[in-house]
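Remarks on the structure that follows.
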Amino acid sequence: MPELPEVETVARDLQRWVTGSTIADVEVRWERTIRHPQPAARFAAELRGATVGRVGRRAKSVLIHLADGRVVTVALRMTGALIVAPPGTPDDRYARVVFHLADGRQLRYRDVRKFGRIGLWEGGGLLARRPRSASRRVAEAREPARVGDVFARHGPEPLRSSFTAARLAERLQGRSARLKTLLLDQSFIAGVGNIYADEALWRARLHPLRRADSLTPGEVRRLHRAIRAVLRQGIANRGASFADYVGADGEPGENAERLSVYQRSGEPCLRCGRPISRLVIGQRSTHYCPHCQVDPLAEQAAR
DNA sequence: ACGCCTACCTGCTTGC
DNA sequence: TGCAAGCAGGTAGGCG
């Protein structure tokens with residue numbers, strides 16, 4: 001499941017390999033992959049002849065900046081992948097959108113489960129502040145026009161230097177939600193998904209059911225460091241591969257083997273040796289060490 | 001603000 | 001072996 005480190009890996013690969021390439025043609029094989037307001041045929045027509053500029057990332061979306069300022073957003077969701085295929089590569093039955101590059105290569109959007117979405121937007125607004133409530137209502141009434149509007153409701157990027165422990169503390173204040181739920185909430189913090197939420201909480205020794213506003217200043221600092229550390233480690237290892245995730249080279253990442261709790265139920269905790277537990281929070285499986293990540297309040301509630 | 005539900009999808013695993 | 005049910009979970013939207 002692509003989260004921030006996986007999406008960052010794909011974006012960096014594409015930055016190296018397709019920047020400067022011209023899109024000769026676009027083949028849309030699953031129309032619903034194309035997000036409004038572009039009907040698939042118009043999407044293809046508008047991209048024909050465009051040149052790829054910088055490739056970056058915001059939240060869990062790959063941003064393909066075009067030389068003319070427009071931006072293609074690719075939300076990989078569960079099983080999406082962007083793969084650069086050299087000429088002669090056998091076709092892929094799961095390729096939902098194929099960007100034919102002028103040099104003969106293909107940039108394939110592959111997605112087994114068809115959850116992912118690709119949009120085409122005007123540039124601008126990415127660095128702007130969030131709209132106030134009135135303008136936000138207007139922005140929601142129709143599909144956003146600018147790429148910035150697409151991400152207007154997303155929370156901060158956890159790896160930016162502006163995401164400090166103080167900023168995290170501020171955002172946690174007054175929130176009664178559970179830590180796990182908040183970490184998965186993209187409007188609270190962008191880019192963290194189920195894998196890295198569990199990893200960060202284990203690393204910070206915080207129970208996933210802990211109320212967000214109950215953290216001491218020391219615990220907030222631990223959480224802040226843990227979030228950044230697990231994301232950085234994920235990027236360093238080219239992402240964690242479960243199911244369908246691969247980089248733009250089509251190769252799986254190395255980080256799955258280096259995870260501490262995710263999908264390790266029953267296996268020994270790497271810190272204390274006791275078995276890792278699993279529970280369901282908000283319909284998501286959650287992996288944690290009941291010994292290292294003790295929540296006094298959860299214990300009390302269980303009695 | 002928050003929690004809970006459903007829909008979107010397909011392939012893999014599990015149980016009979 | 002076959003077949004159906006269950007499961008995986010990111011995100012949007014709806015409801016209470």
Side-chain angles (χ1 to χ4, degrees), chain A residues 1-8 10 29-37 57-62 73-82 92-97 109-119 130 133 136-137 139-144 149-155 158 170-201 208-214 231 234 239-246 252 256 259 261-266 278-287 297-298 301:
Chain A
M1 314 105 222
E3 301 178 26
L4 188 154
E6 291 75 28
V7 179
E8 180 69 29
V10 171
R29 299 181 184 175
W30 182 256
E31 302 233 338
R32 298 182 63 178
T33 299
I34 307 305
R35 193 175 160 182
H36 274 339
R57 178 194 60 77
R58 167 73 170 119
K60 296 176 194 168
S61 287
V62 175
T73 57
V74 184
L76 305 172
R77 298 273 178 94
M78 293 298 301
T79 55
L82 280 165
D92 179 349
R93 60 179 290 222
Y94 298 116
R96 309 302 184 188
V97 179
Y109 176 68
R110 174 183 212 271
D111 192 351
V112 173
R113 289 173 66 184
K114 303 176 177 172
F115 282 178
R117 294 292 179 261
I118 300 180
R130 294 180 180 212
S133 52
R136 193 181 304 176
R137 231 172 287 127
E140 279 165 18
R142 50 178 165 71
E143 279 292 323
D149 299 331
V150 178
F151 300 100
R153 294 162 68 185
H154 279 68
E170 207 174 277
R171 295 182 70 75
L172 288 168
Q173 210 173 22
R175 299 295 300 257
S176 63
R178 292 153 172 178
L179 283 181
K180 173 69 185 264
T181 310
L182 265 197
L183 289 181
L184 292 179
D185 181 349
Q186 298 303 295
S187 68
F188 181 79
I189 183 169
V192 177
N194 210 32
I195 296 175
Y196 294 95
D198 284 3
E199 292 298 309
L201 290 171
L209 289 175
R210 189 76 181 271
R211 261 181 73 119
D213 60 5
S214 74
L231 294 175
S241 293
F242 283 98
D244 295 72
Y245 166 75
V246 289
L259 299 179
V261 279
Y262 185 77
Q263 293 224 324
R264 291 194 64 242
S265 311
R278 176 185 176 274
L279 62 87
V280 175
I281 304 174
Q283 290 101 249
R284 305 263 160 69
S285 66
T286 299
H287 313 79
L297 296 173

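Order of the sequence lines sets the chain letters (A, B, ...), proteins ahead of strands, with each chain counted from 1.
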Euclidean distance, atom [atom1] of residue [X] to atom [atom2] of [N] [Å, nearest integer]:
X       : N       : atom1 : atom2 : answer
D111(A) : dG10(C) : CG    : C1'   : 11 Å
H287(A) : dA8(C)  : NE2   : P     : 8 Å
L179(A) : dC2(B)  : CG    : C1'   : 15 Å
Q263(A) : dC7(C)  : CD    : P     : 14 Å
L209(A) : dC2(B)  : CG    : C1'   : 15 Å
I281(A) : dG10(C) : CD1   : P     : 13 Å
R153(A) : dA12(C) : CZ    : C1'   : 9 Å
D185(A) : dG10(C) : CG    : P     : 13 Å

- prompt: Is D111(A) salt-bridged to R96(A), cutoff N-O under 4.0 Å?
  reply: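 Answer for the salt bridge query: no.
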Residue pairs, two or more places apart or on separate chains, that pass salt bridge (Lys or Arg N to Asp or Glu O under 4.0 Å) and touch residues 181-195 of chain A: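 As it turns out, there is no salt bridge (Lys or Arg N to Asp or Glu O under 4.0 Å) pair with a partner in residues 181-195 of chain A once direct neighbours are skipped.
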field: Shortest side-chain distance from R278(A), nucleotide among dA8(C), dG10(C), dA1(B)
entry: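 Shortest atom-to-atom distance from the side chain points to dA8(C).
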query: Is any side-chain N or O of S176(A) closer than 4.0 Å to OP1 or OP2 of dC2(B)?
result: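 The answer is yes; a side-chain N or O of S176(A) sits under 4.0 Å from OP1 or OP2.
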- prompt: Can you check whether Y196(A)'s main-chain N or O pairs, donor with acceptor, with E3(A)'s side chain at less than 3.5 Å?
  reply: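 Side chain of E3(A) to backbone of Y196(A), a donor-acceptor pair under 3.5 Å: yes, one is there.
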- prompt: Counting N and O atoms only, with roles assigned by atom type, does the side chain of K60(A) sit under 3.5 Å from a partner on the main chain of V192(A), one being a donor and the other an acceptor?
  reply: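 Here the side-chain-to-backbone pair exists.
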- request: Classify every nucleotide of nucleotides 6-15 of chain B by which part a protein heavy atom approaches to under 4.0 Å, writing B for the base, S for the sugar-phosphate alone and - for neither, in 5'-to-3' order.
  value: B-BBBS----
query: What residues, two or more places apart in sequence or in another chain, satisfy salt bridge (charged side-chain N to carboxylate O under 4.0 Å, His left out) together with K180(A)?
result: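 Applying salt bridge (charged side-chain N to carboxylate O under 4.0 Å, His left out) to K180(A) gives D198(A).
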message: Could you walk me through whether L4(A) and R57(A) satisfy the side-chain contact (heavy atoms from CB on, under 4.5 Å) test, starting with their C-alpha distance in whole Å, then the side-chain angles of each, then the deciding distance to 0.1 Å, before giving a yes or no?
response: CA-CA 8 Å; L4(A) 188 154; R57(A) 178 194 60 77; 3.5 Å; yes
